[in-house]
Amino acid sequence: MADYHFVYKDVEGASTQWDDIQRKLGNLPAKPPAFKPAPFEPAPDPDSAPKDESWIDKKTEEELEDLEDDLDDDRFLEDYRKKRLAELREAAKIAKYGSVIPISGSDYVREVSQAPQDVWVVVVLYKEGFPECELLLQCLEELAVKYPATKFVKIISTDCIPNFPDHSLPFLLVYNNGAKKAEYVGMRSFGKRCTPEGVALVLCQSDPVLNDGQSGSNTSRKSVLEGVRRRFIEKVVTEHEDRDDGSDSD
């Protein structure tokens, strides 16, 4: 007996006349769209990309150094390459600090005396368990975050100088270009109320010790001191406003 339900199918994926009729009657789902492969696109050639500022911005420090002799014919791009390279190097220098770095006696010459010439180094001699040392270290930690281009280091006093007297702690030293520029003995150097802003003002009285990395390494003492004072005033105003808000809500 013939099987009247048998439907002849063409090659796989092809639609027969019978399928078309059944789709019109709603007995079969709609025919899927024909497969079309994506148009072929060759992989981009880095050497064919337009050479402009954005092309320079995508380069790493090493890649920019390798381009030193390749852009001599384009004075604009060569100047922009040098500018971008300086920015990357400055950013790398800033990223190196940002906290008070603990060092040992054997590290002192390398980390302090041999620091880069354009970097100011603030050294604090301290001992664990001394409240005055802990307070000053808290202030320096805050300054290290605000001024990441200045190098802050801390060292146990007797690890730095054998038999260093405890009554002189904390002991602060400032170095630049391998030479000692200033020293501060004990908390009396920073007033009765030791605050990060007060410490910053003391450090910058004679030299532009604090560097936030945004103004360059040749910033004058006057401009740095003005910036420190501005931060101090902003904090005082903010604290005053916070106190006023608190009193209004009571």
Side-chain angles (χ1 to χ4, degrees), residues 57 60-61 64-65 80-104 107-126 133-155 160 170-185 187 189-191 193-238:
D57 290 339
T60 64
E61 181 178 343
L64 290 175
E65 290 174 347
Y80 191 79
R81 181 193 72 85
K82 292 179 179 178
K83 176 185 175 183
R84 179 61 179 157
L85 189 57
E87 291 173 349
L88 290 175
R89 287 172 175 169
E90 185 69 18
K93 183 182 69 175
I94 294 170
K96 191 184 302 181
Y97 311 122
S99 65
V100 181
I101 305 166
I103 64 172
S104 65
D107 300 328
Y108 197 92
V109 172
R110 183 182 70 253
E111 297 292 341
V112 179
S113 304
Q114 296 178 354
Q117 293 184 1
D118 59 343
V119 173
W120 285 87
V121 185
V122 177
V123 187
V124 58
L125 277 62
Y126 75 106
C133 293
E134 293 175 1
L135 178 57
L136 183 58
L137 282 170
Q138 290 175 3
C139 295
L140 295 179
E141 286 285 359
E142 186 170 326
L143 293 178
V145 174
K146 291 180 179 178
Y147 301 97
T150 296
K151 186 176 185 179
F152 291 83
V153 301
K154 62 181 179 180
I155 181 171
C160 180
F171 188 68
L172 207 65
L173 297 161
V174 178
Y175 277 78
N176 181 248
N177 197 15
K180 185 178 72 173
K181 299 295 184 178
E183 65 177 47
Y184 305 94
V185 182
M187 295 298 285
S189 303
F190 308 106
R193 184 170 176 262
C194 183
T195 65
E197 294 74 25
V199 174
L201 287 171
V202 172
L203 289 176
C204 294
Q205 285 297 328
S206 301
D207 296 292
V209 176
L210 300 180
N211 185 353
D212 60 7
Q214 306 300 316
S215 306
S217 58
N218 295 321
T219 308
S220 68
R221 183 193 70 84
K222 181 179 179 181
S223 61
V224 171
L225 197 55
E226 287 175 353
V228 171
R229 286 171 175 160
R230 183 174 63 253
R231 287 177 183 263
F232 178 76
I233 293 171
E234 289 172 353
K235 182 170 183 178
V236 171
V237 171
T238 301

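Below, all heavy atoms of this structure are taken into account, side chains as well, without hydrogens, waters or symmetry copies. Computed from a prediction, not measured in an experiment: that's the story for all the values here.
Across all their heavy atoms, Ala144 and Val100 have their closest contact at CB-N, 4.1 Å. Contact detail for Val112 and Ile103: the closest heavy-atom pair is CG2-CD1, 4.2 Å. What you find for Trp120 and Val209 is that their closest heavy atoms are CB-O, 3.3 Å. Nearest heavy atoms, Phe152 versus Tyr147: CE1-O, 4.2 Å.
With sequence neighbours excluded, the residues forming a side-chain contact (heavy atoms from CB on, under 4.5 Å) with Ala115 are Val121, listed by chain and number. Remark: Glu134 engages no residue in a salt bridge (Lys or Arg N to Asp or Glu O under 4.0 Å) (not counting sequence neighbours). The side-chain contact (heavy atoms from CB on, under 4.5 Å) search around Cys194 returns Leu135, Leu136, Cys139, Met187, Phe190, Val199, not counting sequence neighbours. When the side-chain contact (heavy atoms from CB on, under 4.5 Å) test is applied to Lys83, the partners found at least two apart in sequence or on another chain are Glu87. Val109 is linked by a side-chain contact (heavy atoms from CB on, under 4.5 Å) to Ser113, Gln114, counting only residues two or more places apart in sequence or in another chain. Take Glu65 and apply the salt bridge (Lys or Arg N to Asp or Glu O under 4.0 Å) test, not counting sequence neighbours, and it matches Arg89.
The residue from Val124, Val122, Val174, Leu173 that alone fulfils the side chain to side chain contact (heavy atoms under 4.5 Å, CB included) condition with Tyr184 is Val174.
With rounding to the nearest 0.5 angstrom, the OG atom of Ser99 is 9.0 Å from the NZ atom of Lys154. Here the CZ atom belonging to Phe171 is positioned 9.0 Å from the OG atom belonging to Ser189, to the nearest 0.5 angstrom. Atoms OG1 and CZ, from Thr60 and Arg84 in turn, are 10.0 Å apart once rounded to the nearest 0.5 Å. One finds the NZ atom of Lys181 at 15.0 Å from the CG atom of Leu203 (value rounded to the nearest 0.5 Å).
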Going through the checks in order, is the side chain to side chain contact (heavy atoms under 4.5 Å, CB included) test met by Leu88 and Leu64?
CA-CA 10 Å; Leu88 290 175; Leu64 290 175; 3.7 Å; yes
Going through the checks in order, is the side chain to side chain contact (heavy atoms under 4.5 Å, CB included) test met by Asp57 and Tyr80?
CA-CA 9 Å; Asp57 290 339; Tyr80 191 79; 2.8 Å; yes
In sequence, state the C-alpha distance, the side-chain angles, and the governing distance for Val153 and Tyr97, and then conclude on side chain to side chain contact (heavy atoms under 4.5 Å, CB included).
CA-CA 10 Å; Val153 301; Tyr97 311 122; over 6 Å; no
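Between the side chain of Asp212 and the backbone N or O of Pro148, no donor-acceptor pair lies under 3.5 Å. A donor-acceptor pair under 3.5 Å links the side-chain atoms of Gln205 to the main chain of Leu201, judged by distance alone. Looking at Lys151, its side chain does come within 3.5 Å of a backbone N or O of Glu111 through a donor-acceptor pair.
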